[in-house]
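Take a look at the structure set out below.
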Amino acid sequence: MTLNSGPSLSDNGNNVLSSVEVHEYEGTPLGNLDDFRENSIKGPRTVDPQTYHLLVTGLIENPLNLSYNEVLTSFPSYRKVVTIHCVEGWDVTILWDGILVKDILNLARLKQEANTVVFHADDGYTTSFPLSYLIDNQILMAYQMNNVTLPRERGFPFQLVAEDKWGYKWVKWITGIEVTNDPTYRGYWESRGYAQGGDLNRSFYG
Ligand SMILES: Nc1nc2c(c(=O)[nH]1)N[C@H]1C(S)=C(S)[C@@H](COP(=O)(O)O)O[C@H]1N2
Ligand SMILES: [Mo]
């Protein structure tokens, strides 16, 4: 394992360095946090973990309003090595630590007619998924990458690890999870011509 002096990007605003970046995990070489090309619709967002709330709304029995610490302490953590591919032609392989979207939805208790999940972000960005994709693939909402707390450029406090999907489905700065029965909802890039499904093995146009 190679150690850095710390993340090369700015920290997440609370000046606590959680750990040092790792560059290899169980034999798999990892990319670096600064291999990403920051190209977000409004630039990096600064989210204050003291005032942050994750809202879970829509077709659920138990609406949730969780603080940053409540999100981190209410659910088990999981880790995965997953590669993000942007439509602009770059990719980065990262060790992600996070919680399962499925566990959040279980706590919120889905209504029968739920079939779609829309993620909302601090910059107004949105993207949506079939409920079954999130559950069947054990999709993570990450709070750590390469063993460090997500830097603000990378979506602090939470980024979706939308494995097998193009980068535009990997919503950063998540503030809301809305459960609906409208599979036709189109998010920020999807309403500007990018594919609704965003599957890596298909064209991103459409
Ligand atoms: N909230 C939000 N999430 C977002 C975006 C954005 O503009 N806003 N950009 C997306 C795109 S196009 C990519 S490729 C990934 C990774 O972007 P990054 O390199 O800027 O981290 O974040 C995705 N998530
Ligand atoms: Mo992207």
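All ligand and atom numbering here is 1-based and tracks the order in the structure. Nothing here was measured: the structure is a model prediction, and the numbers come from that model.
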Heavy-atom pairs closer than 4.0 Å: do any link ligand 1 to the side chain of F204, the backbone, both, or neither?
neither
Y125-W173 aromatic ring centre distance below 6.0 Å:
no
Among all protein heavy atoms, pick out the one at the shortest distance from atom 19 (O) of ligand 1; state its residue, atom name and that distance to 0.1 Å.
R37 O, 2.9 Å
Within 45 degrees of the ring normal and closer than 6.0 Å to the centroid, is that where the cationic atom of K172 sits relative to F156?
no
Min N/O separation W170 to ligand 1 under 3.5 Å
yes
Taking the minimum heavy-atom distance to atom 7 (O) of ligand 1, which of I41, I84, D35 ranks first?
I41
Mind checking whether F129 and F119 have ring centres under 6.0 Å apart?
yes
Check: N32/H23 side-chain N/O donor and acceptor closer than 3.5 Å:
yes
With backbone taken as N, CA, C and O and side chain as the heavy atoms from C-beta onward, which portion of W173 lies under 4.0 Å from ligand 1: side chain, backbone, both, or neither?
side chain
Which protein heavy atom lies closest to atom 8 (N) of ligand 1, and at what distance to 0.1 Å?
D123 OD2, 2.7 Å
W90 N/O under 3.5 Å from ligand 1 N/O:
no
Give the numbers and elements of all ligand 1 atoms closer than 4.0 Å to a heavy atom of R154.
18 (P), 19 (O), 20 (O), 21 (O)
Atoms in ligand 1 flagged as close to N39, the criterion being non-hydrogen separation under 4.0 Å
20 (O)
Given the ring of Y188, does R192 sit roughly above its face, with NZ or CZ under 6.0 Å from the centre of the six-membered ring and within 45° of the axis?
yes
Any idea which atoms of ligand 1 are less than 4.0 Å away from a heavy-atom of F36?
19 (O), 21 (O)
Only heavy atoms of C86, strictly under 4.0 Å: list the atoms of ligand 1 that pass.
14 (S)
Minimum heavy-atom separation for W166 to R202, with atom names?
NE1-O, 3.2 Å
Protein contact to atom 11 (C) of ligand 1 [nearest heavy atom, distance to 0.1 Å]
G167 O, 3.6 Å
Applying a heavy-atom cut-off of 4.0 Å, say which part of R45 lies close to ligand 1: side chain, backbone, both or neither.
neither
Hey, do the aromatic rings of Y194 and W189 have their centres closer than 6.0 Å?
yes
Residues I139 and E163: closest non-hydrogen pair is CD1-CG, 3.6 Å
Below 4.0 Å, non-hydrogen atoms only: which portion of A121 touches ligand 1? Side chain, backbone, both or neither.
side chain
Any luck finding a side-chain donor-acceptor pair between Y52 and T175 under 3.5 Å?
no
Is the shortest distance from a Lys or Arg side-chain nitrogen in D97 or R79 to a carboxylate oxygen in the other one below 4.0 Å?
yes
Which residue and non-hydrogen atom of the protein lie closest to atom 17 (O) of ligand 1, and at what distance in Å?
K172 NZ, 3.7 Å
